[in-house]
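Keep in mind that the numbers below use all heavy atoms, side chains included, and drop hydrogens, waters and symmetry copies. Worth saying up front: this structure is predicted, and the values here are computed from it rather than measured.
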Amino acid sequence: MTNDETQRKLRKMRLTAMSDALEVQESNAEYRSMNFDDRFKLLVDAAYASLQSNKLNRLIKSANFRTNEPCVADINYLPDRKLDRGLIQRLATGTYIQEHHNVILMGASGNGKTWLATALGIEACHQFHKVKYVRLPELIDDLIVAKHEANGDFHKIIERYKKIELLIIDEWLLTPVNDEQSQTILELIEYRSQRGSTIFCTQFAPEGWHSKLGNPQIADAILDRIVHDSYKLLIQGDKSMRERYGIGGEFA
């Protein structure tokens, strides 16, 4: 039997999963009959699986999703939604993140933009990408407040956003923004250009963004940095997903 001192050392080194796996092995005669290499491999596998699981949980928690339930495998390809299954399957591979491309999810309110974006975000977490979900109004408020502080918080926030591999911006240009807000959006987009990917959840096609962004020069600059390397996905539907499943349902 393994002595208590070995278990104490394993836990002291924070190898709890390996310690637990060792306890299981010691309590089962079938494991004790295995050779050292095979048993040791199983212990390492248990420790590694625990490490990866903990990392995934941290990534999902730090992404700040509104819900953790959406899953790419659960997407409902109803005929009237006219979803591009091939494009969604390509996005699920995460290649667009590696290539720093963006995704524009378009559709009416309640058609499942947030749900689908979250499903792609959770899939990205499973591929161990750093993901962040935020609503545009909250994002702008945080950046504007930080911009007016004299302690350099704005640049610290921008630096954090530069390190996010997949940023999901919900309620993109749901309402018009003023010049200061559009300039702040441009700064964020510029800092992230060719460094990370962004999913934009919007009710409007890019052609309608100019009227929301106000300043035409800033609008042109924002669109130039977003649209040319973006995948566009339109979510249609005769009924909203809230009507199909109820408030808070699968696609709410």
Please name the pair of heavy atoms, one in [X] and one in [Y], separated by the smallest distance, quoted to 0.1 Å.
X	Y	result
Ala92	Leu120	N-CD2, 4.3 Å
Gly196	Asn102	O-OD1, 4.1 Å
Lys132	Asn64	NZ-CB, 4.1 Å
Lys232	Pro206	CE-CG, 4.3 Å
Ile97	Ser197	CA-OG, 3.3 Å
Ile226	Asp229	O-OD1, 3.0 Å

Using the rule that two of Ile, Leu, Val, Met, Phe, Trp, Tyr join whenever any of their side-chain heavy atoms come within less than 4.5 Å, decide whether [X] and [Y] are in one cluster.
X	Y	result
Ile140	Val145	no
Met34	Met18	no
Val103	Leu223	no
Val44	Leu10	yes
Leu136	Leu166	no

Exercise for review: Would you check, one step at a time, whether the test side-chain contact (heavy atoms from CB on, under 4.5 Å) holds for Leu59 with His129?
Suggested key: CA-CA 8 Å; Leu59 286 170; His129 292 295; over 6 Å; no
Are any of the side-chain heavy atoms of [X] and [Y] separated by less than 4.5 Å?
X	Y	result
Trp209	Ile104	yes
Leu139	Leu188	yes
Cys201	Trp172	no
Leu233	Met106	no
Tyr161	Ile158	no
Val134	Leu167	yes
Leu174	Gln203	yes
Val131	Ile168	yes

Euclidean distance, [Y] [atom2] relative to [X] [atom1], rounded to 0.5 Å:
X	Y	atom1	atom2	result
Thr93	Glu123	OG1	CD	9.0 Å
Glu171	Ser109	CD	OG	9.0 Å
Ile144	Asn178	CD1	CG	7.0 Å
Ile199	Leu116	CD1	CG	7.5 Å
Ile218	Ile185	CD1	CD1	9.5 Å
Arg8	Met13	CZ	CE	9.5 Å

Review point. Under the side-chain contact (heavy atoms from CB on, under 4.5 Å) criterion, do Arg81 and Gln236 qualify, and how do the steps go?
Key: CA-CA 4 Å; Arg81 301 189 80 201; Gln236 303 184 60; 5.6 Å; no
When you check the gap from the basic side-chain N to the acidic O, do [X] and [Y] get nearer than 4.0 Å?
X	Y	result
Lys41	Asp45	yes
Asp170	Arg66	yes
Glu165	Lys130	no
Glu26	Arg39	yes
Arg11	Glu23	yes
Glu187	Lys147	yes

Exercise for review: Applying side-chain contact (heavy atoms from CB on, under 4.5 Å), run through Lys82 and Leu234 and close with a yes or a no.
Suggested key: CA-CA 8 Å; Lys82 300 179 181 178; Leu234 176 63; over 6 Å; no
Point to revise | Donor-acceptor under 3.5 Å (Ser53 side chain, Ala49 main chain) | key: no
Exercise for review: Give a yes or no answer on whether the side chain of Ser19 reaches the backbone of Leu15 with a donor-acceptor pair at less than 3.5 Å.
Suggested key: no
Practice item. If the plane angle is over 60° it's perpendicular, under 30° parallel, otherwise tilted; pick one for Tyr133 and Phe65. Key: tilted
Is there a donor in the side chain of [X] and an acceptor in the side chain of [Y], or the other way round, less than 3.5 Å apart?
X	Y	answer
Asn57	Asn54	no
Gln52	His126	no
Asp220	His210	yes

Exercise for review: Using the six-membered ring of Phe204, assess whether NZ or CZ of Lys212 lies under 6.0 Å from its centre and within 45 degrees of the ring axis.
Suggested key: yes
Exercise for review: Test Tyr31 against Leu22 for side-chain contact (heavy atoms from CB on, under 4.5 Å), laying out the working first.
Suggested key: CA-CA 10 Å; Tyr31 285 113; Leu22 184 58; over 6 Å; no
Point to revise | Pairing residues for His101 by the ring pair (Phe, Tyr, Trp, His ring centres under 6.0 Å) criterion, not counting sequence neighbours | key: Tyr231
Study note, to complete from the structure: Residues passing the side-chain hydrogen bond (donor to acceptor under 3.5 Å, both in side chains) test with Lys162, sequence neighbours excluded, are Glu159
Practice item. Taking atom CD of Glu30 as the centre, report whether more than 12 heavy atoms of other residues, nucleotides or ligands fall under 6.0 Å from it. Key: no
Review point. Can you tell me if OH on Tyr48 sees more than 12 non-hydrogen neighbours from other groups inside 6.0 Å?
Key: no
